[in-house]
Amino acid sequence: MAQYPDLQLYIGGSWRKAASGLPVINPADETVIGTVPVATRADLDDALVAAAEGLKVWSRTAPAKRAEIMLKAAALMRERIEEIAFAITLEHGKPIAQARLEVIRGCEFFEWDAAEGLRTYGRVIPSEPGIKYIVLHRPIGVVAAFSPWNFPMSQPARKIGGALAAGCSIIIKAAEETPAGAQHIVRAFHDAGLPPGVLNLVFGVPAEISEYLIPQDPVRLVAFTGSTAVGKRLTEMAGRHVKPVLMELGGHAPVIVCDDVDPVETAVMSAVRKMRNAGQVCTSPTRFFVQEPLYDRFVRAFAEKARAITVGNGLDAGTDMGPLANHRRIEAMETLVADARAKGARLLAGGERLGNRGYFFAPTVLADVPDEARAMSEEPFGPLALINPVKTLDEALAKANALPFGLAAYAFTHSARNADRLAEGIEAGNFSINTLEASVAETPFGGVKESGFGREGGAEGLSHYTVVKNVSHRLA
Ligand code: NAD
């Protein structure tokens, strides 16, 4: 039987206990399942020294050797999938089948990045005889990374994969609420023979750790996934020290449903995807703009499917949607739903907390939601779908682009003309047509506007972890 891991810090290649800790809560029953260690200043100082040493070794390790270690670690995680998925479900709440998919996705990030690290090609610039201009892509240095709680394993995997493939060392502060995913990644890298100091894992009070680490000399890149508000703070802090950032921030994804698709099929697919991870996904499809001829049938089918979703403990067979990850999300859902209803939205499914033990909230569907409702502009980050009718594509585009966010956007249409027009006009880093998958390992993922800066994954992903060095070499 799989067990929840004994949580520790990992600094300079060694596991380390801490004098104090914070409880880790199972969101399905609110029991304490572990204690996450809180790093002290001395631990952080040790991590900085270790990462600086690790960088010296790793940046001079052959890319093929780096890829070999990364692939070995990914293979170990694949072998340990049941153990990792169990821990993720326990600490986060998501159904175990979704936790398994998350582990596979995390491994795919490592595998893609490992291969991509072999292709950080430079170039030779044509020059006059006697001199050579050579452009190199060198590892940027020590990375300070901060990953959130919604995907305990695949979120840290994004950042660790990018950093390690590029030859950087990294200090990652993973989410205190869901620490086991990152802990399992580190364990796999330790077992795969990663040199000490290349990967360091800390936990603690998020603001204290980021404020301490970001200004420190060896840190050369700040990578964060989380809310726009925190992202802005960390970007300001990095800016004061002229350090680049990689920011994956909030979204509020629009879905444009054109009048040439099957409304029932599209609604069912959308409802299932909306409730994945209990809606706690930065790319979660949230604002549905449906062309009027399909509207009533779409809304009916969506609400019917949402009501049929089984909410329960993620470890139970047959659970489609687990609890929300923490009590903050319950409060946010209650506030947004009450506000929208008070402003005239129609509640068609859910709308309330389920039971009083565990953070369960019913899959919720609101239709005819006025623009003034807070949910239309604040990212719900929960199982809440907002459906509104639109007359034209222009109207849909204007509404889709109305927010300061631009992470993921979706459309359903069989018309090449519609698809092309929407792809041109939509303001988002990722636009998916007839699919609600926003990104895979081989595609670049990231936002525009206040959804962030930079891309993870794809051929673009490693560029943030490298710096360009131009070598001008006059031959004697
Ligand atoms: P939050 O903004 O307090 O925290 C989000 C994440 O950032 C957490 O993992 C937290 O540990 C970390 N964090 C917070 N303050 C930090 C700091 N000063 N330095 C470093 N890290 C810090 O909000 P929350 O209540 O945990 O989450 C809710 C909101 O966060 C959501 O509405 C959503 O917008 C956003 N979020 C986004 C993603 C994403 O994938 N983009 C993931 C999780 C949360």
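Start at 1 and go down the list; that is how both ligands and their atoms are numbered. What you see is a predicted model, and the numbers here were worked out from it, not measured in a lab. All values below come from the heavy atoms of this structure, side chains included, with hydrogens, waters and symmetry mates left out.
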Legend entry - Considering all heavy atoms, the nearest F289-P254 contact: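 The pair with the smallest heavy-atom distance is CE1-CB, 4.0 Å.
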Numbered atoms of ligand 1 (with element) below 4.0 Å of [X], judged on heavy atoms:
X: L249; result: 41 (N)
X: T225; result: 39 (C), 40 (O), 41 (N)
X: S210; result: 17 (C), 18 (N), 19 (N), 20 (C)
X: C282; result: 39 (C), 40 (O), 41 (N)
X: G226; result: 35 (C), 36 (N), 37 (C), 38 (C), 41 (N)
X: Q155; result: 40 (O)
X: E248; result: 41 (N)

Legend entry - Polar atom proximity, R328 to ligand 1 (N or O, under 3.5 Å):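 For ligand 1, there is an N or O atom that lies under 3.5 Å from one belonging to R328.
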Inset, instruction - Check each of P148, S147, G452 against atom 43 (C) of ligand 1 and report the one with the nearest heavy atom. - result: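 Looking at heavy atoms only, the winner is P148.
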Inset, instruction - Just need the protein heavy atom nearest to atom 33 (C) of ligand 1, so name the residue and atom and give the distance. - result: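 Going atom by atom, the protein heavy atom closest to atom 33 (C) of ligand 1 ends up being E379 OE1, 3.3 Å.
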Inset, instruction - Give the residue and atom name of whichever protein heavy atom lies nearest to atom 11 (O) of ligand 1, and the separation in Å to one decimal. - result: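 Closest protein heavy atom to atom 11 (O) of ligand 1: P206 CG, 3.6 Å.
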Legend entry - E211 near ligand 1 by a heavy-atom separation under 4.0 Å: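 For ligand 1, residue contact (heavy atoms, under 4.0 Å) with E211 is absent.
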Legend entry - Min heavy-atom dist F151 to ligand 1 below 4.0 Å: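 It does not; every heavy atom stays at 4.0 Å or beyond.
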Inset, instruction - Decide if the gap between the ring center of F381 and the ring center of W149 is smaller than 6.0 angstrom. - result: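 Ring-ring flag for F381/W149: true, centres closer than 6.0 Å.
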Legend entry - Between Y10 and F189, ring centroids under 6.0 Å: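 No, the ring centres sit 6.0 Å or more apart.
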Legend entry - Sub-4.0 Å protein heavy atom next to atom 26 (O) of ligand 1: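 Given the 4.0 Å limit, the answer for atom 26 (O) of ligand 1 is yes, a protein heavy atom qualifies.
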Legend entry - Test side-chain hydrogen bond (donor to acceptor under 3.5 Å, both in side chains) applied to S59 - qualifying residues, sequence neighbours left out: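 Listed in chain order: nothing, the list is empty.
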Legend entry - Check: K159/T225 side-chain N/O donor and acceptor closer than 3.5 Å: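 Yes, because at least one side-chain N or O of K159 sits under 3.5 Å from a partner of the opposite role on T225.
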Inset, instruction - State whether a side-chain donor-acceptor pair under 3.5 Å links R273 with T435. - result: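 No donor-acceptor contact under 3.5 Å links the two side chains.
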